There are 2 protein chains.
Amino acid sequence: MRLTTKGRFAVTAMMDIALRDAAGPVSLASVSERQKISLSYLEQLFGKLRRVNLVDSMRGPGGGYSIAQPLNQVTIADIVHAVDERLDATQCSGREDCQGEHRCMTHELWTTLNAKMFEYLASVTLGELVEQQRQKLAVQPVPVAIRDKRPRRRNSREKAVAAA
Amino acid sequence: MRLTTKGRFAVTAMMDIALRDAAGPVSLASVSERQKISLSYLEQLFGKLRRVNLVDSMRGPGGGYSIAQPLNQVTIADIVHAVDERLDATQCSGREDCQGEHRCMTHELWTTLNAKMFEYLASVTLGELVEQQRQKLAVQPVPVAIRDKRPRRRNSREKAVAAA
DNA sequence: TCAATAACCTAGTAATTCTGTCAACTATAC
DNA sequence: GTATAGTTGACAGAATTACTAGGTTATTGA
């Protein structure tokens, strides 16, 4: 369970789509523009997300991606896991034949935290995050075309949190 | 709050030291051998850990590192934060002058999960992990010199957890 | 059937992570 | 003192990962 920009971009993009796909598939180009993530990179990430059936794709004009499963069945761990290939800080790669004091030591040392992190991310669903976003933004999932273009102010307090 | 092998190696090494430094400072060379992490890399990581006063160093023969603070005051977030320089998935870098719909959207989208992850890692202390390790390993913190060299069997069940 | 749109694919470049090596510097043991 | 075991710091290079660029294929509408 690794956690880098890659996984974060994937989660951000999935949330962006989840907030809008009630009106039909969302194109990566629009996600790219809104979230300021390079289109090529998004395409790579969504190739992986599609392969594990987290999203459905539609080609052609008006096409794009939509979330393939109910929002509260998709966990953050699912998303991160799909794009941020798993990370192994042990020497034995978690194999059953891991023996000998040194290797087992490494193995044991890491598994506890690893499991905790994974369980935590697996307990948070996309649906929950999206719901929280809706409340924060006070924005309904409207089509992009009729979206209000006026800039909005952010409420402060986020600096400390963002700095983490 | 980024989480990669770098942070994990740091946590693993800190746990290794915490388990043994009752008998005096622990050398990085021995940590390197036990945990199979390159000595050079450990030196880089511990340079950072020392600069934020998470560890004390003693030079000369018999020297090495020891944990500088009470084990249950050191959180995993402290360790990861010291070596895995913080990661920013927003465009505005969390600045106060973040305005305009697009940037704020990215900003808002990420802060929630970011904060949750950080809070979680900040709630886990090195002391707790070490205690769990002690119980799992059933090993007392004895000096390396009189350590039992016989290989030990690992209990199974860890595969699924390690695979995450 | 042509043009536009958007997914899909492949290869390359940039950045990061990790290892190896070398040269100080320091405390302890003899 | 002198040798030795150890930390500290700097740097270069290999390996991996993150990201970009450009092209190809499928679908829609005129």
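Here the structure is a predicted model, which is why all the values come from computation and not from measurement. Residue numbering restarts at 1 for every chain, and letters A, B, ... go by the order of the sequence lines.
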How many Å lie between CG on D56(A) and C1' on dA26(D), as a whole number? 16 Å
Atom CZ in F118(B), atom CG in L3(B): separation rounded to 0.5 Å? 12.5 Å
When all nucleic acid strands are considered with a 4.0 Å heavy-atom cut-off, which category describes G47(A): base, sugar-phosphate, or nothing? nothing
For T75(A), enumerate each residue passing the side chain to side chain donor-acceptor pair (under 3.5 Å) test, keeping only those at least two apart in sequence or located in another chain. D78(A)
Name the pairs: protein N/O against N/O of nucleotides 10-14 of chain D, kept only if under 3.5 Å.
none

Looking only at dC8(C), dT7(D), dA18(D), the nucleotide nearest the T4(A) side chain is dA18(D)
For the side chain of S38(A), counting heavy atoms from C-beta on, which of dT19(C), dT20(D), dG6(D) is nearest? dT20(D)
Using a cut-off of 4.0 Å on non-hydrogen atoms, how would the nucleic acid contact of L39(A) be classed: base, sugar-phosphate, or nothing? nothing
Provide the full list of salt bridge (charged side-chain N to carboxylate O under 4.0 Å, His left out) pairs with a residue in residues 37-54 of chain A, sequence neighbours left out, each pair given once. K48(A)-E85(A)
Just how far, in rounded Å, is P of dT17(D) from CZ of R8(B)? 13 Å
Rounded to the Å, how far apart are D84(A) CG and dT16(C) C1'? 14 Å
When rounded to whole Å, the NZ to C1' distance for the pair K36(B) and dC18(C) reads 17 Å
Counting heavy atoms from C-beta on, name the nucleotide in dT17(D), dT19(C), dC8(C) closest to the side chain of Y41(B). dT19(C)
Take the angle between the ring planes of Y65(A) and F46(A) and call it parallel below 30°, perpendicular above 60°, tilted in between. tilted
Length of the CG-P vector between L28(A) and dA26(D), whole Å: 18 Å
Output yes when a side-chain donor or acceptor of T12(B) lies under 3.5 Å from a complementary backbone atom of R8(B), and no otherwise. yes
Looking at dA7(C), I'd like to know if its phosphate oxygens (OP1 or OP2) sit under 4.0 Å from a side-chain N or O belonging to S27(A). no
Walking DNA chain D from its 5' end, the first of P61(B) and F46(B) to be reached, judged by nearest nucleotide, is P61(B)
Distance-only, no hydrogens or angles: does the N53(B) side chain make a donor-acceptor pair with backbone N or O of A68(B) under 3.5 Å? no
Please report, rounded to the nearest Å, how far the C1' atom of dT19(C) is from the CD1 atom of I37(B). 13 Å
R59(B) CZ to dG9(D) P, in whole Å, measures 8 Å
Round to the nearest Å and state the distance from M58(A) atom CE to dT25(D) atom C1'. 17 Å
When you measure from the side chain of T125(A) to the backbone N and O of V74(A), does any donor-acceptor pair fall under 3.5 Å? no
